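Handing you this structure, nothing more for now.
Being a predicted model, the structure only gives us computed values, none of them experimental. All chains are named by letter (A, B, ...) in the order of the sequence lines, taking the proteins before the strands, and each is independently numbered beginning at 1.
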Protein chains: 2
Amino acid sequence: MENEVDGLDKRKAYILATVVYEYIATGEPVGSQALTQKYNLGVSSATVRNEMADLEAGGYLEQPHTSAGRVPSDAGYRTYVDALMSPEELGADERRRIRDEMRDARAQLDEIVEQSSRLLGRLAGNLAFVTKPQSETQSFRYAQLIWIGERSGIAIIVTSFGVASQSLFELRNDVTPDDLTRLSNALNANFAGRLLRDCDERSLAAVTKQCGFGDDMVGAVRAAFTGARTQEQPGIAASGAQHLLDQPEFRDVRKLRSILRILEEQRTLYDLVADAFDSPAASVKIGHELGSEELADLSLVTVPYRFGERAVGMLSILGPRRMPYARLLALASGTAETLSERLHDVEVR
Amino acid sequence: MENEVDGLDKRKAYILATVVYEYIATGEPVGSQALTQKYNLGVSSATVRNEMADLEAGGYLEQPHTSAGRVPSDAGYRTYVDALMSPEELGADERRRIRDEMRDARAQLDEIVEQSSRLLGRLAGNLAFVTKPQSETQSFRYAQLIWIGERSGIAIIVTSFGVASQSLFELRNDVTPDDLTRLSNALNANFAGRLLRDCDERSLAAVTKQCGFGDDMVGAVRAAFTGARTQEQPGIAASGAQHLLDQPEFRDVRKLRSILRILEEQRTLYDLVADAFDSPAASVKIGHELGSEELADLSLVTVPYRFGERAVGMLSILGPRRMPYARLLALASGTAETLSERLHDVEVR
DNA sequence: TCTTCGCACTCGCTTGCCCGGAGTGCTAAA
DNA sequence: TTTAGCACTCCGGGCAAGCGAGTGCGAAGA
């Protein structure tokens, strides 16, 4: 039956879509009369009432209390997002505005990531956050071991996005500045251009030993590479938390507390988007799908940004379940696109 | 008259102190009867009433409305903090706890600063933030110019706290890797150990030209040093915003919005503590002293942390005006002390 | 002269109540 | 199967009353 959408006949689907749309727009539970008055449904409010009762029985709608209008459930939003809403595209002028604003950031990885988070937060009027590129997707460009004393030095690793990670090391045996230069050159010759995650400990050790160094230096080199690999892992720029206060659903201060806490624990924030790395497309999580009772009346829109073909990080918008999904998906995609472009400016070739 | 404190006779001073103390404890406007019942003042409530009326006339107390108790004004808090409250010290066990928790952070500047902010936020039950060491107070340790191509490279600057700042540069004339090494060595020889702010552009240019480089390289070197000097300037770690929600003064959501916005604009946050750099001691700003109507019912406790003798950064607690000043000063000082100690672990010698 | 007592008054907060409005479900008719 | 009509439910705003905590002031006491 081509008249069915997700097990709902055409009319039910349309009514569900209208209820969700209206609720997103107004924030008020929507009743049958209001619906028939505002939208031309071609049927009376009584019919709508019956259909709404069915939709409630099917789990798509909920009633805050008897004699109140209906409100979409998680399933209702889900159906809306998956099958009912019409996708949006950004206008040319909006794209241009995004591009212009992204130009304000200097060509530094941190700055463009932070700028994109600020921009998205402001445009979306919600909390936005952007994960920095996973360092395992970055490739190794240069290593430089700097001599400080006979038995100590600093190792500096430069990756494809110019992120220099540095680590101090101490040795058991004396070395000369020349020794360190030799090793730096060997590392550069062997690993330049390789993905960081492919610079495994074994080959690092092999190269180091080949240059005539002992286990202490092997440890130092390994620490430097691990540092580069893990350091920026859960680095996240977040922005726009104040917009959440505008939402009526945050009258209750307890919800706010959960959000603030999560914002400060970057770990949790990262977990929210972690599984989005598995699928390279945009994803939407609604209410309980976020896997936490605290976040049950929020939704999360996540869109990857890319470097070349590879998805290297995520842009997310966290807001009330009652969010304009199509619009936010468009905004996130647009910002992701521009961020992806600007990533080339920071690339170390 | 040795019986006077700040223009108040002894009894008035005591009553003011008690009112502030009680209001800080309960958050309720305090009336004359309640005061005589809870504290042994040796006089009747009527007398207290008269004294309170005088204190109100003098600007130390305020009345939210007739027939309500009194509440301290900015001036009341100010007198309390300056002259009336008894300073607190941390207990030995508390000190130990702070030290233990600070040990959890790895020996990286960012980590120990963030850890101290988290720790202070949690202990103080308020929003805490810590500025990273001003880079102009750090000294230059190493420069390394890395050859990427004939006309481009990366400049890496390592400062006394191990913060490596890096900047890409492009040149108009070809250079060899050896050229860059020569220049790196010259910079190291001339500037090692100097404070960053003393590495002025003129002497940098002189050294660069002495090595036979042109204006393009002078520009690259200058950019690298300026980057190191300004990059981390307003770097701030903040933590504990959720505690503000517990305070009854934040029932009103609008105040919260100001705070969240300020938190995201690190610039404003930095301005709040900027003038604390002039005086090396702990400082307290109360209400309107913060210079902004939005922050008028907040107070800020700021304590410097040091590297050697030099104050290099600030720990601050931002919370409701009604905060336990003595306690928070003790906590901030204790944390500052431990942070100062740990700073030596990250020093690059 | 300072302190205390007693008293009238003020004002915000809570409670209880009423009522209108919006919405529902059910039944019966089209 | 749809629609009209109707009784019922429930929320929320508005209003008045009562309570409690506190004040200010005049008069009495030390």
Close side-chain approach of A:Val273 to A:Phe129, heavy-atom, < 4.5 Å:
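They are in contact (side-chain heavy atoms under 4.5 Å apart), so the answer is yes.
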
Evaluate the side-chain proximity of A:Lys12 to A:Leu16: yes if any heavy-atom separation is below 4.5 Å, no if none is.
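Heavy-atom side-chain distance check fails, nothing below 4.5 Å.
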
Taking CG from B:Asp54 and P from D:dC25, how many angstroms apart are they, rounded to a whole number?
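Between P of D:dC25 and CG of B:Asp54: 12 Å.
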
Do you know which two heavy atoms are closest between B:Leu329 and B:Ala282, and how far apart they sit?
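For B:Leu329 versus B:Ala282, the nearest heavy atoms are CD2-CB, 3.9 Å.
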
Between which nucleotides of DNA chain C, 5' to 3', does chain B make heavy-atom contacts below 4.0 Å?
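Contacts span C:dT3 to C:dG12, reading 5' to 3'.
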
May I ask you to check whether B:Asp74 and B:His288 show a side-chain donor-acceptor distance below 3.5 Å?
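There is such a pair between these side chains.
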
For atom NZ of B:Lys38 and atom P of D:dG22, their distance in whole Å:
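About 11 Å, once rounded to whole Å.
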
Members of residues 12-35 of chain B that approach DNA chain C, where some heavy atom sits under 4.0 Å away
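Listed by number, there are none.
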
Rounded to the nearest 0.5 Å, how far does CD of B:Gln247 lie from CZ of B:Arg321?
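If I round to the nearest 0.5 Å, the distance is 13.5 Å.
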
Could you tell me whether a side-chain N or O of B:Ser239 sits under 3.5 Å from a main-chain N or O of B:Gly121, the two making a donor and an acceptor?
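Here the side-chain-to-backbone pair does not exist.
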
Using modelled atom types only, decide if a donor and an acceptor are shared between the side chain of A:Glu264 and the backbone of B:Gly240 within a distance under 3.5 Å.
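Pair found, side chain donor or acceptor close to backbone of B:Gly240.
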
Contacts of A:Glu289 that satisfy side chain to side chain donor-acceptor pair (under 3.5 Å) - sequence neighbours left out
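Once residues adjacent in sequence are excluded, the partners of A:Glu289 under the side chain to side chain donor-acceptor pair (under 3.5 Å) criterion are A:Arg78.
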
Kindly give the atom pairs (protein nitrogen or oxygen, nucleotide nitrogen or oxygen) under 3.5 Å for nucleotides 3-9 of chain D.
residue, atom, partner, partner atom, Å
D:dT3, OP2, A:Ser44, N, 3.1
D:dT3, OP2, A:Thr47, OG1, 2.3
D:dG5, O6, A:Arg49, NH2, 3.4
D:dT9, O2, A:Ser67, OG, 3.0

Closest non-hydrogen atom pair between A:Gly319 and A:Leu244, with its separation
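The pair with the smallest heavy-atom distance is CA-CD2, 4.0 Å.
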
Scan the side chains in residues 27-42 of chain B for donor-acceptor partners under 3.5 Å anywhere in the protein, sequence neighbours excluded, and list what turns up.
residue, atom, partner, partner atom, Å
B:Ser32, OG, B:Arg49, NH1, 3.3
B:Thr36, OG1, B:Ser32, O, 3.1
B:Thr36, OG1, B:Gln33, O, 2.8
B:Lys38, NZ, B:Glu22, OE2, 2.9
B:Tyr39, OH, B:Glu22, OE1, 2.5

Shortest non-hydrogen separation from B:Leu300 to B:Leu272 and the atoms involved:
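For B:Leu300 versus B:Leu272, the nearest heavy atoms are CD2-O, 3.9 Å.
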
Can you find a side-chain donor-acceptor pair between A:Ser316 and A:Thr302 that sits under 3.5 Å?
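Yes, because at least one side-chain N or O of A:Ser316 sits under 3.5 Å from a partner of the opposite role on A:Thr302.
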
Heavy-atom side-chain proximity of B:Gln63 to B:Met52 below 4.5 angstrom:
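B:Gln63 does not reach B:Met52 side chain to side chain.
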
Between the two end axes of the helix from C:dT1-D:dA30 to C:dA30-D:dT1, each built from 5 base pairs, what angle do you get to the nearest 10°?
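The value is 20°.
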
